[in-house]
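Take a look at the structure set out below.
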2 protein chains.
Amino acid sequence: MSAPAGARTVRRHNLGLVLRRVAAAEPVARARVAELSGLTRGTVSSLVDELLAGHLLEELEADRGVPGRPANPLRLSRSGPAALGVELNVDRARACVLDLSGAVRALRTAPSDGSAWSSPAAGLDAVAELARQVLAETGGLRAVGAVAAVAGVVDRSGVLQQAPNLPGWAGLDVGAELTARLGLDVRAGNEADLGALGELWFGGLDGVQDFLHVSGEIGVGAGIVLGGTLFGGGGGRAGELGHVVVDPGGALCRCGGRGCLEQVAGQRALLGAAGVRTVDALEAAADRGEPRALEALAVAGRALGIAVVGAVNLLDVPAVVLGGLHARLGRWLVPPIVAQLAARSRGGACPAVIVSTLGSGAAVRGAAGSVVRAVLDDPGAHLAGRAGAV
Amino acid sequence: MSAPAGARTVRRHNLGLVLRRVAAAEPVARARVAELSGLTRGTVSSLVDELLAGHLLEELEADRGVPGRPANPLRLSRSGPAALGVELNVDRARACVLDLSGAVRALRTAPSDGSAWSSPAAGLDAVAELARQVLAETGGLRAVGAVAAVAGVVDRSGVLQQAPNLPGWAGLDVGAELTARLGLDVRAGNEADLGALGELWFGGLDGVQDFLHVSGEIGVGAGIVLGGTLFGGGGGRAGELGHVVVDPGGALCRCGGRGCLEQVAGQRALLGAAGVRTVDALEAAADRGEPRALEALAVAGRALGIAVVGAVNLLDVPAVVLGGLHARLGRWLVPPIVAQLAARSRGGACPAVIVSTLGSGAAVRGAAGSVVRAVLDDPGAHLAGRAGAV
């Protein structure tokens, strides 16, 4: 006989409460969890037992050196449910496995088969192969869900609606394609959005809950976090920073417009302006002080500054995080961005410009992290076999 | 002996429910209100009696032509609480009184004493005098609150933090200044934000709940409505469209930057480029087909288009409403804005560009409307003498 709905709802709520209290304070004794959660010790013990049985928590050996009755401290399981994140970008595929604590247990990257993928199938097969490799490496963990970060606009059902930098991919249901290849539920999301969430959860932002995360690679996107959650705007696809106009008479963009940020500060544009073929070469040239490389970076930084000024005016965010390519080139890009913000700050405080410590790894971590989040947010649903993500 | 808190809370909630059901269906019989609200007839009658006694509702004469027992239909009171809205703009002051139904009962506008106000005190005195005039005109109504729409950035406490187009005004507590002058609680808000709310509540948007409202006059601002509520962004001051950069090497702006939208599409810039002194003259010249006026409008329209493209990319809104000055000049501005959006839409749907029917009257109506909204949202607080606004 099952408990009435009311009691079940309360228990489900409290399961999540206990799990998150452990996550925030681990390693932690049951008695302390009771204090932190406001639940009785008996209730906590019963909930903890369920979370232990479901492999969401694990008990550590008690510290025998401490006097008094030893209590086995609790922490999030490192050997239970795990999360798969994959990234399908223009020039690379990536896959990682996080355990419930958010620790990276395996991470692999592979370049695309050419300047972009030779076909969507080639890209999907490559990322699926990487996923199989990281899952095999972490064989003791059981992936309970997966999210794919894709370099394009993904609608709510997971279909890639627009992917100007992945020609031929629009219309593809990336989640369904990868689900079929992996035999594991895969949802798809926008790379820039998931990068911003990766930054929020795993970056070194020190509690900043409102920021614009610029996640430039070949294209230039942005994820917007407001109040600690992803801002989707009116239709769920906010943050297309790459198509903000920074030079009205400038180069023609794949979107059909002229002078989009992407045409000045995207990877292809930057390498072309600097006259080099790789980001490594660009960094080396800039390090040697080569004028053409420095000029390309100065122009890109100024353009980023102009776009960021617009975004800051429209969104009123106190911080801008440079991710991906732009994190790697942060030494050269931050000064011109700060200069634009300072010149246009109307005497008010300037937003902080922060270089991401995750760099191009933010999106794949945000992808896997959203699976972890779903488990922590509602462990009852996970235990009932209905774990969701994104 | 007062009712226990639980019952009082429920009654307060239901008071609002009944009031809003009447507002949506007026004129409406008590029995129909019971059906619409899901409350019993007895409860509705008791709540209606309280709302009648508090002058929030009024009864109409029953239609004696209808067979059966006549029921006096209910509607929002046209003679009870009223709302004062004022606007302090660079070149004018404005004041209006709305009754609870949102109908404009009085509206007055006065030009500023020069190209802008000779001093903050002159502007505050002028708007207070206008307010006294509209309140006198509607002597039978009792203003229960007031909101001032100000052409600048207003913080949450009502202090004008930045007002690049009202030199010398920054730091002024406009709400407190007007409260002292009028003996009526006045709160202050940003003109562009209140314009967007005016558009949402009183404009002809036909249910559109997500839009960018461009409210240009001397400056160019915007209010952003998402999901039917005002979007404040990270810090509450989102929507500074006027300082989005549309021409990086362009004219110096009061904000310290170059090429801000305001320097191309603001009123001063437009009149200067067209070589005329007033908006009337600009309209007349454009109507006559004078090339310089048409060129100025085309340049402004293109700049607005570039800024709007950026905002649409960042906010993903399906509609853009041109208000204020730009509504008046909509005939000439809409085509170049639509052209920019279409050129840069990446094959997706283009946001609609709508010309406001309220024009420069949106802000003062949004200001008064937010007082009306506060009463409708929580009539119990109003009846207890704690009516709030904004």
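The sequence lines fix the lettering, A, B, ..., with proteins before strands; numbering per chain opens at 1. If you're wondering where the values come from, they're calculated on a predicted model, not measured in any experiment.
Only the side chain of L226(A) has a heavy atom closer than 4.5 Å to any heavy atom of chain B. Both the backbone and the side chain of R258(B) come within less than 4.5 Å of a heavy atom in chain A. In this structure, the portions of D316(B) lying under 4.5 Å from any heavy atom of chain A include both its backbone and its side chain. Residue V312(B) does not touch chain A at all, counting heavy-atom pairs closer than 4.5 Å. Contact annotation for F211(A): neither backbone nor side-chain heavy atoms come within less than 4.5 Å of a heavy atom of chain B. At a 4.5 Å heavy-atom cutoff, L261(A) makes no contact with chain B through either its backbone or its side chain.
Within the model, atoms CG of N313(A) and CZ of R237(B) stand 11.0 Å from one another, a figure rounded to the nearest 0.5 Å.
Between chain B and the options V317(A), I224(A), L212(A), V245(A), heavy-atom pairs under 4.5 Å are most frequent for V245(A). Taking L315(B), V244(B), D247(B), D210(B) one by one and counting their heavy-atom pairs under 4.5 Å with chain A, the maximum is reached by L315(B). Among G236(B), G233(B), G234(B), A311(B), the residue with the largest count of heavy-atom pairs under 4.5 Å with chain A is G234(B).
In terms of the side chain to side chain donor-acceptor pair (under 3.5 Å) criterion, E295(B) has no residue partners (sequence neighbours excluded). For S157(B), the side chain to side chain donor-acceptor pair (under 3.5 Å) criterion is met by D155(B), not counting sequence neighbours.
Minimum interatomic distance between L314(B) and L241(A) (heavy atoms only, all atoms of both residues): CD2-CD1, 3.8 Å.
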